[in-house]
Amino acid sequence: MSVLVYTETENGKLKKTALEVASYAKGVADMLGATVTAVTVNAESTNELSKYGVDKVLTVKNDKLGNFNAKAYADVLKQAAQKENSKVVIVSSSANAKFMAPILAINLNAGYASNVVALPESDSPFKVKRTAFTNKAFNITEISSEVKLIGLSKNAYGLKENNGAATEESFSPELNEADFSTEVTNVDKVTGKVTIADAEIVVSGGRGLKGPENWEMIEELADVLGAATACSKPVSDMGWRPHSEHVGQTGKPVAANLYVAVGISGAIQHLAGINASKVKLVINNDAEAPFFKAADYGVVGDAFEVVPQLIEKLKEFKANNA
Amino acid sequence: MKILVCISHVPDTTSKINFTDGDTKFDTNGVQFVINPNDEFGLTRAMWFKEKQGASVTVVNVGGPETEPTLRKALAIGADEAIRINATPTDGYFVAKQLAEVAKDYNLIIAGRESIDYNGGMVPGMLATLIDANYVNNCIGLEVEGETATAVREIDGGKETLKTTFPLVIGGQKGLVEESDLKIPNMRGIMMARKKTLNITEPVSGDVATKAVFFEKPAPKGAIKLISPDNLDELVDLLHNEAKVI
Ligand SMILES: Cc1cc2nc3c(=O)[nH]c(=O)nc-3n(C[C@H](O)[C@H](O)[C@H](O)COP(=O)(O)OP(=O)(O)OC[C@H]3O[C@@H](n4cnc5c(N)ncnc54)[C@H](O)[C@@H]3O)c2cc1C
Ligand SMILES: Nc1ncnc2c1ncn2[C@@H]1O[C@H](COP(=O)(O)O)[C@@H](O)[C@H]1O
């Protein structure tokens, strides 16, 4: 038996989350006494996977799969799971993986648990811990079907090196014409910018910044930290920043290593969405702002004074630690 | 165009989350329930299609009698009729299977990206697969012309445009309409909603593949470390040496 893991690529390169799901798959495989098989689509190189405990890589190369297509990719994984006789299938929490997973669950007759944050608590019954109520709680979910599908939360398990040697096998699943009745006609992606989904650090601004013209310092702070930029809901509602930056319970979830909140009060709906971040730093001029109760580090001060100074200090730090 | 909007009945976003029965059940005591925010955006987009392109809009929920006020609210916002499938929504697969029975009669099915209670993010994709419909998740824009639809989907770091055909299921979110387009039901809407049909149907038998068996709250947060704005070197040092995040 092998645990199957879908290791995603972006422009042919393995994503960091791919290495995280591979690490996790190895952890599950060790519990079950199984091996790990990874599936890649149009990857240029899969060498890195062997470092994270993968025993075998099924490489799929097909021009028709150039754009992500949830149905077709679900079909690829279904056939891979059947070929490998996999009873546990693992995917990430990327937008694409979340799009595909429910389709795959039906195709494999698998119970699906999304937003899983740790290795299974037990394998029989098969129980996993996942977040619920938008990070306000966890729930232990029992999956009773024979095949189990797990969606791993980002940054929940981390990378675990596990030296081995993976064999590579090319895999050519049958593609169904009907899967292509939904067709991508345009992709509009910011290049050269860290995305909230992939970022280790996220710098977020709220209404306390007064207006869109003041975002330059937020972007500069993000720049020195190699971070993605985000914002609170009213900021995107007022059109100061694009909707894609809105984080929180009704926006994007953030599970970064460091979340920096500038001029954000820390409303319950905001906190729910960013709570999965490991370390939180808040900069706010109101010592009573609720965010101070939810953060690890805080500076009570005017953002317009603190942020530019912090940028300078961080630049110095980077220069000394380069 | 016949539109079905799937409505999940969830605790209001300000709710304190607690559990009962030895942490095996969500404590509904004192909790206000609302239309799942993602579904509200979808419902509002459906109302736009109704006004601009002539569509009928049915809302559906899988749930017990306690969800009826939520369905009535959707009727007050302007949906034409409501269906309640009388069953406890045990897991995503079970819900999708119930919805599939109803959804066959519609060509556009609007659901939400995820419900904010269990955050499964699975019902619409499962439903689409069960009824063999096209499917677009994280939908932030939807236009329809005849049987063809153009949908915009949010992807990590951007968006993409897709062309697809009916029958279509979408998992929608903010962007489908703007926050300012959301409607609070007015008195007339509420009065009209009382006269609209709310059909109750019985569930089909269905397996449950997953079960939430136990709940836990996150560990309480340790005290915050406050750093003076005049001492940001200390902050940089803490982030580097203590938190190890830079
Ligand atoms: C159904 C629903 C869903 C919601 N979902 C979300 C969501 O997903 N995400 C989200 O973010 N919100 C959400 N909200 C909104 C949420 O309740 C808050 O209104 C919102 O988070 C507040 O945004 P803010 O902190 O930027 O603004 P404010 O609450 O106005 O806070 C601004 C903060 O800036 C500080 N400030 C002012 N001047 C300065 C200065 N010079 N320097 C430093 N600090 C300064 C102030 O002290 C204050 O704390 C939702 C609300 C509802 C009802
Ligand atoms: N009990 C339910 N009744 C009707 N629709 C539901 C129900 N549960 C979920 N949905 C729909 O499916 C979407 C995603 O829910 P979930 O998969 O539970 O995160 C919701 O936004 C609703 O549109």
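So that the names make sense, note that chain A is the first sequence line, chain B the second, and so on, each numbered from 1.
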Handout entry: Atom group of A:Leu281 that falls short of 4.5 Å from chain B, counting heavy atoms
Key = side chain
Exercise for the section: Among B:Ala223, B:Ser228, B:Ser180, B:Gly157, single out the residue with the greatest number of heavy-atom pairs under 4.5 Å to chain A. Expected result: B:Gly157
Practice task
Against chain A, label B:Leu127 side chain, backbone, both or neither, depending on which of its atoms sit under 4.5 Å from a heavy atom there.
Solution key: neither
Exercise for the section: Examine the side chains of A:Gln269 and B:Thr13 and answer whether a donor and an acceptor come within less than 3.5 Å of each other. Expected result: yes
Completion exercise
Note: A:Ile268 and B:Ser15 closest approach over all heavy atoms is CD1-O, 4.0 Å
Exercise for the section: Assess whether atom CD of A:Glu146 is packed by more than 12 heavy atoms of other residues, nucleotides or ligands within 6.0 Å. Expected result: no
Handout entry: Nearest atoms (heavy-atom pairs only) where B:Lys217 meets A:Phe138
Key = C-CD1, 4.5 Å
Exercise for the section: List the atom of B:Gly120, the atom of A:Tyr112, and the distance in Å for their closest heavy-atom pair. Expected result: O-CE2, 4.3 Å
Exercise for the section: Name the region of A:Ile103, side chain, backbone, both or neither, that has any atom closer than 4.5 Å to a heavy atom of chain B. Expected result: both
Completion exercise
The reported gap from CD in B:Glu160 to CG in A:Asn67 (rounded to nearest 0.5 angstrom) is 6.5 Å
Fill in the blank from the handout: Interatomic distance, CD@B:Glu114 vs OG@A:Ser114, rounded to 0.5 Å, equals 8.0 Å
Practice task
Without swapping roles, check the side chain of B:Thr210 against the backbone of A:Ile143 for a donor-acceptor pair under 3.5 Å.
Solution key: no
Problem - Best-contacting candidate, B:Lys159, B:Glu242, B:Gln173, B:Lys244, against chain A by heavy atom pairs under 4.5 angstrom - result: B:Lys159
Exercise for the section: Below 4.5 Å from any heavy atom of chain A, which atoms of B:Pro124 appear? Answer side chain, backbone, both or neither. Expected result: neither
Handout entry: Gap separating the CG atom of A:Leu104 from the CE atom of B:Met126, nearest 0.5 angstrom
Key = 9.5 Å
Problem - Leading residue by heavy atom contact count with chain A [cutoff under 4.5 Å; candidates B:Gly222, B:Ala212, B:Gly158] - result: B:Ala212
Fill in the blank from the handout: From the list A:Asn139, A:Thr134, A:Thr131, side chain to side chain contact (heavy atoms under 4.5 Å, CB included) partner of B:Tyr118 resolves to A:Asn139
Completion exercise
One option among B:Asp207, B:Leu238, B:Leu162 has the most heavy-atom pairs under 4.5 Å with chain A, and it is B:Leu162
Practice task
Could you tell me the separation between the CG atom of A:Asn135 and the CG atom of B:Asn119, rounded to the nearest 0.5 Å?
Solution key: 7.5 Å
Practice task
Please check if any side-chain donor atom of A:Thr195 sits under 3.5 Å from a side-chain acceptor atom of B:Asp156, or the reverse.
Solution key: no
Practice task
Kindly give the heavy-atom pair with the smallest separation between B:Leu239 and A:Tyr297, and that separation in Å.
Solution key: CD2-CD1, 4.1 Å
Practice task
Determine which residues belonging to residues 91-99 of chain A lie within contact range of chain B, meaning some heavy atom pair is under 4.5 Å apart, and list them by number or answer 'none'.
Solution key: A:Ser94, A:Ala95, A:Asn96, A:Lys98, A:Phe99
Completion exercise
In terms of heavy-atom contacts, B:Pro218 and A:Ala137 come closest through CD-CA, 4.0 Å
Practice task
Measure A:Val299 against the heavy atoms of chain B and call it side chain, backbone, both or neither at under 4.5 Å.
Solution key: both
Fill in the blank from the handout: d(B:Asp233 CG, A:Glu312 CD) to nearest 0.5 Å is 12.0 Å
Exercise for the section: Answer with side chain, backbone, both or neither: which region of A:Lys129 has an atom nearer than 4.5 Å to a non-hydrogen atom of chain B? Expected result: side chain
Problem - A:Lys293, NZ: over 12 other non-hydrogen atoms inside 6.0 angstrom - result: no
Exercise for the section: Count the heavy atoms belonging to other residues, nucleotides or ligands that lie under 6.0 Å from CG of B:Asn29, then report whether that count exceeds 12. Expected result: no
Fill in the blank from the handout: For A:Leu314 and B:Ile246, the nearest pair of non-hydrogen atoms, with its separation, is CD2-CD1, 3.7 Å
Problem - Contacting moiety of A:Ala105, where chain B heavy atoms sit under 4.5 Å - result: side chain
